[in-house]
**Student:** 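The structure under discussion is supplied below as structure tokens; questions concerning it will follow.
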Protein chains: 2
Amino acid sequence: MRPAASIGQALEEVDTPALILDLDVFENNLSVLSESLRGKRVRVRPHAKTHKCPEIAKRQLAAGAVGVCCQKVSEAEALLEGGIEDILISNEVVGAPKIARLAELCRHARIGVCVDNAENLRQIENSGAKLDVYVELELGMGRCGIAPGEPAAALARGIARSSHLRFGGLQAYHGRAQHLRTMEERRATIADASRKVLLTKSILEKSGVSCPIVTGAGSGTFMFEVESGAWDEIQPGSYIFMDADYARNEWSAQLPRFQHALFVLCTAMSRPSPEIAIVDAGLKASSVDSGMPGVWKRPGLAYIKASDEHGVLQASPGAAVPALGEKLLLVPGHCDPTVNLYDWYVCVRRGVVEALWPITARGALT
Amino acid sequence: MRPAASIGQALEEVDTPALILDLDVFENNLSVLSESLRGKRVRVRPHAKTHKCPEIAKRQLAAGAVGVCCQKVSEAEALLEGGIEDILISNEVVGAPKIARLAELCRHARIGVCVDNAENLRQIENSGAKLDVYVELELGMGRCGIAPGEPAAALARGIARSSHLRFGGLQAYHGRAQHLRTMEERRATIADASRKVLLTKSILEKSGVSCPIVTGAGSGTFMFEVESGAWDEIQPGSYIFMDADYARNEWSAQLPRFQHALFVLCTAMSRPSPEIAIVDAGLKASSVDSGMPGVWKRPGLAYIKASDEHGVLQASPGAAVPALGEKLLLVPGHCDPTVNLYDWYVCVRRGVVEALWPITARGALT
């Protein structure tokens, strides 16, 4: 893996495309989260599916996180290899080879996993793994999870009966809510989710099963979960980077808008007409599933079209069009899948490369 | 890089998500291309941006290709490292670090590159690199390239005057045409492109500059380029794999429809309701820029939504819904960016893993 830059290099000398992390802004985003939670009784377990990088996880732990989440066994393996020892796989793990690897992980670190199905629970139990098992609730996002209330409670009782599994609590994440644009829509959706969580907890209490932790929430809603009182732990991921899609949300003093810390550095490689520049970063350099990237601090320039290796920038009348060879920063449309395209974060402070952090869980799919 | 499977393993035992190459179909696609060109005077230079894999490039050469194309210097480096010695970078290379690497490549292999701008040409010339330089024409796809006719011819004369650069010819690719749905739209678009190519060639001839090669064309149009007589070389990429987007095109006996050889193997990991299955392959496992993946040979099942690590399959009434843990094959919406998410092709013949081919140019962005 050829390094993507050299320490001490000026940002404008870094070859392109490159994934740039602005360390001042990143560190400030860590602080903004901590500040916004000051005095609240909630644990922070940031989502490492966003960054896939033990170096970042370590800084989140240093800022007070209790551990991290990830979505895949192979991500957990990469994080453990990088020294992270408290990992919740906030997802179901299905199939014998993955469950065997999960059992192996538990021998080296505190590992949690989610279930939404009794058959899957039985397979995990039969592996002999000693781990925290959470019941994932279906809160209305239309993905994994079991119905709140009695179905979830019955599954939790199944975990609590196990001799070697520990009932970790409830995984209660509403992904769709993160990108509802207005504060009011997000607030209402989490209020509804909160009722489902509390219903499930009360049924559990009546059956004499204590629910250690309710965990969930993302960068777009976490303060609603915290203020509901129903969650013990939050799992924000994107707050460290802040992508263009999250920037389209409404924010407020109550729920802070984090600042863009993650960029794709690109080069204008062709100038086919006076108002158009073609850059060398297309959809293999910045994921377009949630819209085109933004052009950073270049008013009047819009990234209008992506193909595999090219992006088309269009200038509005009077806007400065980049010269051939000029470098620009793009704000990715969606940070998680964009990070997954790179092997390195080029970490920059005030225009100089300070560090290179390997994205060791890049491509960790299984 | 942990191998994605074991040789001799049954397909249904491969852990998921995994990128599967059906070798029988892949080899047949190679043959179909050769057959369809039998008796035509045209060279084949397949595009390696699709597969990023020297093992595949070698098989294309064995099937008669004169060399391969790629889009990035780092892709060319990976291909050269894998033993490929005739590579056209069908794209502009801009910026001193990349041009220095290009010059280094030329010391080990026959390398071509494109230009669309005199300033870029001067930079490449000043590097001292000995290589084939092609003029890229803007044929109406709205990306890189110089206007056909006199502007392109003037740039070509600039190359021909150089003491150490060789004028390779014209790069004439119409990317947008590949996905126009009807045969007639594609035919008309390539007919227009052909006139622009022939105009440029005739101006060049009048200036006494011979044009060795006109190269271009993709899997969706190549026969139109061949039959126009204006092209000497074609650059199809996707024909080896055939993605879901290309499958939506109209095809005919004249322009063959290649068969799906590339799949993403996934597992049903949750069954939240009777008509829904959640699979473990989301948009980090199959690029959704050109639409959702198809579900292979499972009538009535549709992949309706992708999030980072999950896909939602919906069954129409009466269709069989996969059981928890059941494995399915998906047909990627767009093969090129999907391949770029993986480190290995799991090469399967009649249901058994026969080989693992590393995708050595995966993530080769610079």
Side-chain angles (χ1 to χ4, degrees), chain A residues 2 4 13 15-18 49 71-72 74 77 91-95 97-98 116-117 119-120 123 136 138 142-147 175 267-272 276 278 280-281 283-285 287-289 305-310 312 324-325 327 334 336-337 340-343 362-363 365-366, chain B residues 2 4 13 15-18 49 71-72 74 77 91-95 97-98 116-117 119-120 123 136 138 142-147 175 267-272 276 278 280-281 283-285 287-289 305-310 312 324-325 327 334 336-337 340-343 362-363 365-366:
Chain A
R2 173 212 298 272
E13 300 301 321
D15 203 4
T16 65
K49 82 187 197 64
Q71 293 290 75
K72 299 282 187 170
S74 52
E77 288 166 343
N91 198 6
E92 287 69 28
V93 170
V94 173
K98 287 192 181 72
D116 68 357
N117 175 293
E119 181 185 336
N120 183 220
Q123 291 161 347
E136 181 170 16
E138 207 310 75
R143 214 166 62 186
C144 304
I146 189 167
T267 299
M269 56 172 288
S270 181
R271 285 291 318 280
I276 298 286
I278 308 297
D280 61 355
L283 54 85
K284 289 179 189 170
S287 185
V288 301
D289 61 273
K305 189 159 183 265
S307 51
D308 283 353
E309 292 88 7
H310 299 91
V312 180
L324 190 75
K327 290 181 179 167
H334 188 182
D336 300 28
N340 191 45
L341 300 169
Y342 290 86
D343 293 304
R362 192 273 323 148
L365 282 168
T366 60
Chain B
R2 173 213 297 271
E13 299 300 321
D15 202 5
T16 65
K49 81 186 197 65
Q71 293 289 74
K72 299 282 187 169
S74 51
E77 289 166 343
N91 198 8
E92 288 69 28
V93 171
V94 173
K98 287 192 182 71
D116 67 358
N117 174 294
E119 181 185 336
N120 183 221
Q123 290 161 348
E136 182 171 13
E138 207 308 76
R143 214 165 63 186
C144 304
I146 190 167
T267 299
M269 56 173 289
S270 181
R271 286 291 317 282
I276 297 287
I278 309 297
D280 62 354
L283 55 84
K284 290 180 188 169
S287 185
V288 300
D289 62 274
K305 189 159 184 265
S307 51
D308 284 353
E309 292 88 6
H310 300 91
V312 180
L324 189 76
K327 290 180 180 169
H334 187 182
D336 300 28
N340 191 45
L341 300 170
Y342 289 86
D343 293 305
R362 192 272 325 148
L365 282 168
T366 61

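Naming convention: chains lettered A, B, ... in sequence-line order (proteins, then strands); numbering from 1 in each chain.
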**Student:** So does Arg2(B) pair up with Glu77(A), basic N to acidic O under 4.0 Å?
**Tutor:**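 Salt bridge flag = yes for Glu77(A) with Arg2(B).
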**Student:** What pair of heavy atoms forms the shortest contact from Pro17(B) to Tyr342(B), and how long is it?
**Tutor:**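 Closest heavy-atom pair between Pro17(B) and Tyr342(B): CB-OH, 3.9 Å.
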**Student:** Please list, chain by chain and in numerical order, all residues satisfying salt bridge (charged side-chain N to carboxylate O under 4.0 Å, His left out) with Asp336(A), sequence neighbours excluded.
**Tutor:**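 Expected list: Lys49(A).
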**Student:** Which residues pass the side-chain hydrogen bond (donor to acceptor under 3.5 Å, both in side chains) test with Ser307(A), sequence neighbours left out?
**Tutor:**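 Expected list: Arg143(B).
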**Student:** So which residue, His310(A), His334(A), Gln71(A), ends up with the most heavy-atom pairs under 4.5 Å with chain B?
**Tutor:**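 Maximum pair count with chain B is reached by His310(A).
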**Student:** Indicate yes or no: does Asp280(A) engage Lys98(B) in a salt bridge with an N to O separation below 4.0 Å.
**Tutor:**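 A salt bridge links Asp280(A) with Lys98(B).
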**Student:** Among Thr267(A), Asn91(A), Ile276(A), which residue forms the greatest number of heavy-atom pairs with chain B at distances under 4.5 Å?
**Tutor:**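 Answer, by heavy-atom pair count under 4.5 Å with chain B: Asn91(A).
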**Student:** Where does Ala268(A) contact chain B at under 4.5 Å (heavy atoms): side chain, backbone, both or neither?
**Tutor:**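 For Ala268(A), the backbone is the part near chain B, not the side chain.
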**Student:** Please look at Ile278(A) and chain B and tell me whether the side chain, the backbone, both or neither of the residue comes under 4.5 angstrom of a heavy atom of that chain.
**Tutor:**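 For Ile278(A), the side chain is the part near chain B, not the backbone.
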**Student:** Let me know if Glu309(A) has heavy atoms under 4.5 Å from chain B in its side chain, its backbone, both or neither.
**Tutor:**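 Answer is both: backbone and side chain atoms of Glu309(A) are under 4.5 Å from chain B.
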**Student:** Taking every non-hydrogen pair under 4.5 Å, which of Val312(B), Asp116(B), Val93(B), Val288(B) racks up the most with chain A?
**Tutor:**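 Of the options given, most contacts go to Asp116(B).
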**Student:** Taking 4.0 angstrom as the limit, do Lys327(B) and Asp15(B) come out as a salt bridge?
**Tutor:**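 No salt bridge links Lys327(B) with Asp15(B).
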**Student:** Side chain, backbone, both or neither: which part of Asp308(A) has an atom under 4.5 Å from a heavy atom of chain B?
**Tutor:**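 Asp308(A) touches chain B through side-chain heavy atoms alone.
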**Student:** Output the option from Lys305(A), Lys284(A), Glu13(A), Glu92(A) having the highest count of non-hydrogen pairs under 4.5 Å with chain B.
**Tutor:**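 Most pairs with chain B among the choices: Lys284(A).
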**Student:** Select, from Arg271(B), Lys72(B), Arg362(B), the one with the greatest count of heavy-atom pairs under 4.5 Å involving chain A.
**Tutor:**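 Option with the greatest count: Arg362(B).
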**Student:** Enter the distance from Ile146(A):CD1 to Asn120(A):CG here, rounded to the nearest 0.5 Å.
**Tutor:**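 The distance works out to 11.0 Å.
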**Student:** Report the option among Pro337(B), Ala285(B), Ala4(B) that has the most heavy-atom pairs separated by less than 4.5 Å from atoms of chain A.
**Tutor:**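 Sorted descending by pairs with chain A, the first entry is Pro337(B).
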**Student:** Which heavy atom in Cys144(B) sits nearest to a heavy atom in Glu138(B), and how many Å separate them?
**Tutor:**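 Looks like O-CG, 3.7 Å.
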**Student:** What part of Thr366(A) lies closer than 4.5 angstrom to a heavy atom of chain B: side chain, backbone, both or neither?
**Tutor:**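 Contact with chain B is through both the backbone and side chain of Thr366(A).
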